[in-house]
Amino acid sequence: EDFNVQRMSVWVVGTSLLQEVVYLVSQGADPDEIGLMNIDEQLPVLEYPQPGLDIIKELTSPRLIKSHLPYRFLPSDLHNGDSKVIYMARNPKDLVVSYYQFHRSLRTMSYRGTFQEFCRRFMNDKLGYGSWFEHVQEFWEHRMDSNVLFLKYEDMHRDLVTMVEQLARFLGVSCDKTQLEALTEHCHQLVDQCCNAEALPVGRGRVGLWKDIFTVSMNEKFDLVYKQKMGKCDLTFDFYL
């Protein structure tokens, strides 16, 4: 069924931390409230069976919807400029470690292989959602579109103020300097919770966590594959902060 029921949608493609930050900026919500709510009901994930498409149909405009889909698979109203997308790219070394820990923590289909095997699968585009390298480059190609906001995960740790300003402007949230400071402080709390949460493998949200698990040879192999697959793409990442 088509989503275009004369309602503007904002697609959020990235981490669950981005999902929470976007919700907070758009609603001016309190970070403690977000901790208590089921964020997937407020900002549902398109591909998840729960809470399902029915909730998405009931959302009021502008609808916030999270997805992991590649740019080309997102609805046509986005390609026509009628909806917006916020995309967050994370340096792929940290991403693969975080993704591995996430897969190992799943109760239903917990991954039992080694990190080395998992990393090899990532490099060979053999994980869910296809190739990360294609996914990120496709969104990067659209970064100058007026309805696309391309963000980097590492900037959330380095310059959160600017990122919150960009999000507020992009979402059409008007706020003065004091409100902006309060929003940034709230977002800062969310980022801290994510990076220090006891429920998560320690520091899954921090930058540079790949250094604890990559061997020298894995790192060399990864760099080669990265260079080959990213080709002439001028997107750069911070692997250390």
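A quick note: this is a predicted structure, and the numbers were derived from the prediction, not measured.
Not one N or O on the side chain of D125 forms a donor-acceptor pair closer than 3.5 Å with the backbone of G130. With K229 contributing its side chain and E134 its backbone, the two residues share no donor-acceptor pair below 3.5 Å. Side chain of S98 to backbone of D94: no donor-acceptor contact under 3.5 angstrom is found. Proximity of a side-chain donor or acceptor of Q19 to a complementary backbone N or O of K66 within less than 3.5 Å is not detected. Side-chain N or O atoms of R143 include one that pairs as donor or acceptor with a backbone N or O of W140 at under 3.5 Å. Checking side-chain atoms of N124 against main-chain N and O of R120 turns up a donor-acceptor pair under 3.5 Å. Checking side-chain atoms of S83 against main-chain N and O of S9 turns up a donor-acceptor pair under 3.5 Å.
Residues V22 and L64 meet the side-chain proximity criterion, which asks for heavy atoms closer than 4.5 Å. Between Q27 and L171, every side-chain heavy-atom pair lies at or beyond the 4.5 Å cut-off. Residues V10 and R63 fail the side-chain proximity criterion, which asks for heavy atoms closer than 4.5 Å. Side chains of E165 and T184 form no contact here, defined as non-hydrogen atoms less than 4.5 Å apart. When side chains are defined from C-beta on, L78 does not count as touching D82, because their heavy atoms never get closer than 4.5 Å. Looking at P92 and F122, their side chains come closer than 4.5 Å, going by heavy atoms from C-beta outward.
What you find for F139 and L74 is that their closest heavy atoms are CZ-CD1, 3.9 Å. In this structure, C175 and A168 approach most closely via the heavy-atom pair SG-CB, 4.3 Å. Between L151 and L167, the shortest heavy-atom distance links the atoms CD1-CD2, 4.1 Å. Considering all non-hydrogen atoms of both residues, M156 and L17 come closest at CE-CD2, 3.3 Å. Across V207 and Y240, no two heavy atoms sit closer than the pair CG1-C, 4.3 Å. Contact detail for L183 and L24: the closest heavy-atom pair is CD2-CD2, 3.4 Å.
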Using the rule given for side chain to side chain contact (heavy atoms under 4.5 Å, CB included), can you reason through V12 versus I65, listing the C-alpha separation, both sets of side-chain angles and the distance that settles it, and then say yes or no? CA-CA 6 Å; V12 179; I65 308 165; over 6 Å; no

Could you give me the CA-CA distance, side-chain angles and deciding distance for N147 and H142, then say whether side chain to side chain contact (heavy atoms under 4.5 Å, CB included) is met? CA-CA 9 Å; N147 64 330; H142 288 278; over 6 Å; no

Please test V13 against H135 for side chain to side chain contact (heavy atoms under 4.5 Å, CB included), starting from the C-alpha separation and ending with a verdict. CA-CA 10 Å; V13 183; H135 198 281; 3.8 Å; yes

Dump the intermediate steps for side chain to side chain contact (heavy atoms under 4.5 Å, CB included) on F222 and M218, then the final yes or no. CA-CA 6 Å; F222 196 100; M218 278 172 79; over 6 Å; no

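For the 3.5 Å distance criterion, the side chains of K93 and N219 qualify, holding a donor opposite an acceptor.
A single hydrophobic cluster is not seen to contain both L224 and L235; linkage of ILVMFWY side chains at heavy-atom distances under 4.5 Å, directly or through other members, places them apart. In this structure, F102 is a member of the same hydrophobic cluster as Y100, with clusters built from ILVMFWY side-chain heavy atoms closer than 4.5 Å.
Electrostatic pairing of D212 and R206 counts as a salt bridge here, judged by a charged N lying under 4.0 Å from a carboxylate O. A salt bridge does not link D159 with K152: every distance from a Lys NZ or Arg NE/NH1/NH2 to an Asp or Glu carboxylate oxygen is 4.0 Å or more. The pair R121-E117 does not meet the salt-bridge criterion, since no charged nitrogen lies less than 4.0 angstrom from a carboxylate oxygen.
Distance check, rounded to the nearest 0.5 Å: CE of M123 to OG of S131 gives 12.5 Å. Taking NE2 of H103 as the reference point, atom CD of Q101 lies at 12.0 Å (rounded to 0.5 Å). Interatomic distance, M88 CE to L18 CG, rounded to the nearest 0.5 Å: 4.5 Å. Note that CZ of F239 and NZ of K211 are 11.5 Å apart. Values are rounded to the nearest 0.5 Å. Rounding to the nearest 0.5 Å places CD of Q137 at 10.0 Å from CG of D234. To the nearest 0.5 Å, atom CG of residue D155 and atom CG of residue D238 are 7.0 Å apart.
The ring pair (Phe, Tyr, Trp, His ring centres under 6.0 Å) test with Y87 singles out one residue from Y71, F150, W11, and that residue is F150.
For F115 and F214, the ring centers sit closer than 6.0 Å to each other.
Within the cation-pi definition used here (under 6.0 Å to the ring centroid, within 45° of the axis), K84 qualifies as a partner of F170.
A tilted orientation is assigned to the rings of W132 and F237, their planes being inclined by 30° to 60°. By the 30° and 60° cut-offs, the orientation of the rings of H157 relative to Y153 is tilted.
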